[in-house]
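Have a look at the structure below, then the notes.
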Amino acid sequence: MLIDLQDGELVHGENFSLFAAMSALEIMDPKMDSGIERSGYNSIEEAIEDGVAPVPLSLDRTLDVQRSIDVMDHLFSCEATWHKGHTLAQTVFTCIYLMRMERTSSHAVLNSFCRTLRATCNAIISVVSTARTHEEEDLFTMSFGLPLRDEQDDKCLSILNSVEETISRQLRACKAQALSKKKTLEDLESLQDKPDLEEDYCRSLLCRLRFRKHFYHVVMCMRKPHGRGLELARKHVASCLNELSLTLKSQEFLKSQSNIMLQADENCTTASGCQPVGFDVSLNSRLLSPAPPRAVKVLSWSNAIRYFEKLLHDLDVICALSLDPVLENVLHFTVQFQKSVPDLVPRAFLQTLLVQDGKLYGQNLFSDVISRALPLPDIIGDKEFQMNEFVVQLGQLVVNLLKILCTNTAWQRRKLGKSLQDWSTVSIQLELALQREFGETRNVLHHEQNMCMRVSKQLLIWTQEHAYWVASRFLTLGFELDLYSPGEYCMVYWYMYVVFTKLIEKMQLRVLASNETSRRKGKKKRDHSKDSSRDMTFSSCLLLQCYVLLSEGLSMMLAVLRNESRSFQLPSIFNTEQERFMQHFDLLQKARVPEHISYYSFKESSSRAGITDLVKYNFFKEIQKITPSLRGSFASEPEKLVELRRIEQVAEHNRIALNIINQVGPGDPSLRVSFEFTHHPHFAVAIVKRS
């Protein structure tokens with residue numbers, strides 16, 4: 001029985017809901033059905049028969065070389081576009097030569113380039129899939145049934161090397177010819193028919209082929225387990241950057257040989273400005289059924305060059321990692337690395353390096369990583385410690401934390417907030433276990449029981465410290481994502497002040513425990529590496545103290561302006577200040593990080609703020625007393641010296657602003673105060689004006 005469907009009607013099962021409708025695809029709707037609107041050819045074979053992808057690319061040998069370079073350049077742009085989150089089917093595999101690789105077997109240059117590109121794409125998909133960072137760009141790893149692998153791809157480098165050697169010999173012959181001023185080349189067949197252009201075409205081809213070879217080596221070296229290929233990968237990264245600069249230099253020559261009116265650089269996907277042959281964007285549209293069709297604008301060739309330069313610099317930073325098993329250093333490196341806003345591919349490589357087979361760098365058990373952080377006699381490798389249920393749980397939390405820190409900023413913040421509950425739960429369980437086991441036997445004489453209690457105490461302090469570290473990272477990422485409005489800065493800085501204060505407390509407890517352990521060793525030989533570690537922890541505490549003073553100073557300044565001039569008040573049209581507080585800090589409140597902190601604590605604290613107290617304590621001036629002592633401690637760490645300089649600039653500008661506000665009076669109606677992030681991404685600078 002046939003039933004006609006009217007407009008707006010839907011065929012669905014009994015369990016269908018409005019929620020399911022959000023992910024449903026509407027057949028025959030051009031915006032939803034990827035196969036409804038199709039232009040061009042119905043199949044690859046039809047396109048080939050119509051001469052879209054000829055082999056050779058032209059019977060004119062000079063034009064064949066030109067077109068080969070154009071194909072390479074457009075594939076280069078497509079590859080960068082794919083890295084940015086688009087699908088392989090709509091980027092790299094819009095190339096018919098890649099879809100039917102066997103047709104290029106008679107064209108050595110194109111065949112070697114395409115095979116190496118395909119092998120590189122396959123390797124990168126494997127890395128991103130292993131890291132699982134592709135959840136944020138979920139189309140990246142979808143292959144849509146494309147021919148991603150072939151038996152001969154394993155030989156791609158040998159084929160490419162053979163082609164490279166042939167062109168290199170030709171280039172050397174061209175140079176020899178120029179020196180000897182001979183008119184003909186002997187024993188070598190030229191690439192094309194114009195002898196005066198031979199050298200430039202050889203150079204243009206070689207830099208592209210060599211980049212492709214070295215980039216493949218970078219990917220394969222960085223995939224080696226335990227970071228064994230990082231040193232070699234750095235050499236190939238340097239070679240890639242060199243070949244990219246040569247590729248960029250070839251643009252002037254290639255443009256001079258194109259006989260078309262040149263497009264603007266931001267639209268061209270080739271160095272010459274010509275449209276490449278052998279591409280059709282509509283051929284794979286039917287493969288995209290899992291997702292609605294998306295308009296894909298391929299990156300311009302110049303933007304693709306810039307993308308790969310940044311990608312290679314990011315990969316070089318990863319390769320330079322010292323594989324230090326100290327967790328604090330790993331966390332610091334990862335946070336610093338994220339400041340450069342790396343794309344998906346380098347973040348995936350970083351994660352697969354950090355976490356391999358459930359170990360740090362594939363070498364260090366996370367139980368050993370945790371034991372190194374505890375200021376206790378050497379318990380690294382202790383089987384009982386490794387099998388402890390809390391150590392196992394904390395090891396998994398550290399694994400998850402490292403993976404989270406390798407995601408993009410938005411995902412990172414959301415996942416950090418959710419992971420706080422797990423850190424808090426383990427912390428509570430540890431505290432209860434400590435009370436249950438040792439609550440009534442604090443003064444036991446047995447060494448083993450005493451040692452067990454000390455391990456449990458230090459494990460609890462370490463867990464709480466890292467819970468507050470996660471909370472501080474969660475709060476500061478909100479500034480990078482522009483989640484806070486100026487009217488919310490007061491509550492955010494107040495919460496940051498509380499979290500930073502708690503973090504310092506836990507770090508100081510760890511330092512005190514470390515000092516106690518050193519005293520117990522008595523006259524034994526001092527461990528200078530641990531002394532150095534304690535010095536760095538002390539410096540880190542002082543740096544955190546600067547954050548505490550900045551947060552408290554900004555929070556009080558904003559509170560004074562709210563109380564005495566009624567500025568920076570939150571509008572209450574849609575929600576109240578308390579609701580805003582819960583929206584921003586609900587995840588921290590649920591995890592009880594920190595304990596006994598609520599909206600009413602903030603309200604009580606901010607309502608008492610006055611200009612007299614703010615000027616009296618002068619938090620910004622206190623910072624200027626701390627920073628000089630830190631310069632010597634951070635002399636060998638340029639990144640921290642830069643951070644110190646930023647803190648000094650924020651403190652100095654806010655100190656001056658505070659003096660002006662105090663002189664004029666915060667209640668003066670002519671006073672106009674705004675806050676800008678001109679010197680630091682997380683701490684604002686007050687800009688004071690009078691109307």
Side-chain angles (χ1 to χ4, degrees), residues 40-58 64-126 128 139-160 163 205 208-209 211-213 215-216 219-220 269-270 274-288 296 298-299 301 304 308 345:
Y41 301 98
N42 293 315
S43 67
I44 296 173
E45 285 69 25
E46 184 180 335
I48 291 171
E49 287 177 9
D50 202 37
V52 173
V55 179
L57 283 70
S58 173
D64 178 76
V65 173
Q66 288 178 355
R67 288 181 174 178
S68 297
I69 293 172
D70 288 339
V71 170
M72 292 178 185
D73 286 348
H74 189 74
L75 279 171
F76 180 78
S77 299
C78 286
E79 186 180 11
T81 308
W82 170 54
H83 284 194
K84 285 290 190 179
H86 290 287
T87 64
L88 266 177
Q90 291 178 293
T91 53
V92 177
F93 277 84
T94 57
C95 179
I96 296 173
Y97 296 113
L98 270 173
M99 296 292 289
R100 295 291 184 270
M101 192 79 76
E102 65 279 359
R103 295 184 62 250
T104 64
S105 57
S106 60
H107 198 293
V109 171
L110 197 58
N111 183 267
S112 61
F113 184 91
C114 288
R115 282 198 182 280
T116 310
L117 170 62
R118 185 168 69 176
T120 305
C121 291
N122 196 40
I124 288 176
I125 285 177
S126 176
V128 175
L139 297 176
F140 186 92
T141 58
M142 289 187 181
S143 60
F144 301 102
L146 297 168
L148 262 175
R149 184 164 180 79
D150 187 79
E151 291 180 1
Q152 291 193 14
D153 283 358
D154 294 333
K155 303 175 183 177
C156 64
L157 275 184
S158 60
I159 299 171
L160 187 66
V163 174
L205 278 173
R208 286 161 173 79
L209 292 172
F211 171 82
R212 183 53 51 201
K213 177 183 73 172
F215 187 60
Y216 176 79
V219 172
M220 300 311 290
T269 60
T270 61
C274 300
Q275 286 296 321
V277 300
F279 292 84
D280 192 299
V281 295
S282 66
L283 284 176
N284 294 325
S285 60
R286 286 183 297 177
L287 300 176
L288 302 176
V296 176
V298 175
L299 287 178
W301 184 77
F308 272 100
V345 173

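FYI, the numbering just counts along the sequence from 1. Note that the structure is a prediction, hence the values are computed from the model and not measured. Keep in mind that the numbers below use all heavy atoms, side chains included, and drop hydrogens, waters and symmetry copies.
One distance of note links CG of Leu57 with OH of Tyr97; it measures 3.5 Å at 0.5 Å rounding. With values rounded to the nearest 0.5 angstrom, Thr270 atom OG1 is found 10.5 Å from Ile69 atom CD1. One distance of note links CG of Leu110 with CG of Leu75; it measures 8.0 Å at 0.5 Å rounding. With rounding to the nearest 0.5 angstrom, the CZ atom of Phe113 is 10.5 Å from the OG atom of Ser68. Atom SG of Cys95 sits about 11.0 Å away from atom CG of Asp280, to the nearest 0.5 Å. Residue Leu117 holds its CG atom at 5.5 Å from CG of Leu98, rounded to the nearest 0.5 Å.
Applying the ring pair (Phe, Tyr, Trp, His ring centres under 6.0 Å) criterion to Phe215, with sequence neighbours excluded, gives Phe211, Phe308. Residues satisfying the salt bridge (Lys or Arg N to Asp or Glu O under 4.0 Å) criterion with Asp154, sequence neighbours excluded, are Arg149. Residues passing the side chain to side chain contact (heavy atoms under 4.5 Å, CB included) test with Ala123 are Val219, Met220, Arg223, sequence neighbours excluded. Every residue meeting the salt bridge (Lys or Arg N to Asp or Glu O under 4.0 Å) condition with Asp73, not counting sequence neighbours, appears here in chain and number order: Arg208. Partners of Tyr216 by ring pair (Phe, Tyr, Trp, His ring centres under 6.0 Å), not counting sequence neighbours: none found. With sequence neighbours excluded, the residues forming a side chain to side chain contact (heavy atoms under 4.5 Å, CB included) with Pro147 are Phe93, Met99, Arg118, listed by chain and number. For Asn122, the side chain to side chain donor-acceptor pair (under 3.5 Å) criterion is met by no residue, not counting sequence neighbours. Under the rule for a side chain to side chain donor-acceptor pair (under 3.5 Å), Thr81 has no partner lying at least two apart in sequence or in another chain.
Under the side chain to side chain contact (heavy atoms under 4.5 Å, CB included) test applied with Lys213, the options Thr116, Leu157, Thr120 reduce to a single match, Leu157.
Across Ala89 and Thr94, no two heavy atoms sit closer than the pair O-CG2, 3.5 Å. Residue Thr87 comes nearest to Trp82 through the heavy atom pair C-CD1, 3.9 Å, listed as atom of the first residue, atom of the second, then distance. Scanning both residues, Ala53 and Gly278, for their nearest heavy atoms gives CB-CA, 3.8 Å. Smallest separation of non-hydrogen atoms from Asp64 and Pro56: OD1-CB, 3.4 Å. For the residue pair Thr269 and Pro276, the shortest heavy atom distance occurs at OG1-CD, 4.5 Å. Here the closest non-hydrogen pair linking Leu299 and Lys84 is CD1-CG, 4.2 Å.
In this structure, Leu88 and Leu146 have side chains that are in contact, with non-hydrogen atoms separated by less than 4.5 Å. Within the 4.5 Å cutoff, the side chain of Met101 has heavy atoms near those of the Asn111 side chain.
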Can you check side-chain contact (heavy atoms from CB on, under 4.5 Å) on Val277 and Asp70, steps first, answer last?
CA-CA 8 Å; Val277 300; Asp70 288 339; over 6 Å; no
Evaluation steps, side-chain contact (heavy atoms from CB on, under 4.5 Å), between Met72 and Val109
CA-CA 10 Å; Met72 292 178 185; Val109 171; 3.2 Å; yes
Intermediate values then yes/no, side-chain contact (heavy atoms from CB on, under 4.5 Å), Glu46 and Val52
CA-CA 9 Å; Glu46 184 180 335; Val52 173; over 6 Å; no
Show your reasoning for whether side-chain contact (heavy atoms from CB on, under 4.5 Å) applies to Ile125 and Leu148.
CA-CA 10 Å; Ile125 285 177; Leu148 262 175; 3.7 Å; yes
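Sorted by first and then second residue, the salt bridge (Lys or Arg N to Asp or Glu O under 4.0 Å) pairs with a member in residues 98-115 read Glu45-Arg100, Arg115-Asp150, Arg115-Asp153; sequence neighbours excluded.
For Thr104 (side chain) and His107 (main-chain N/O), no donor-acceptor pair under 3.5 Å exists by modelled atom type.
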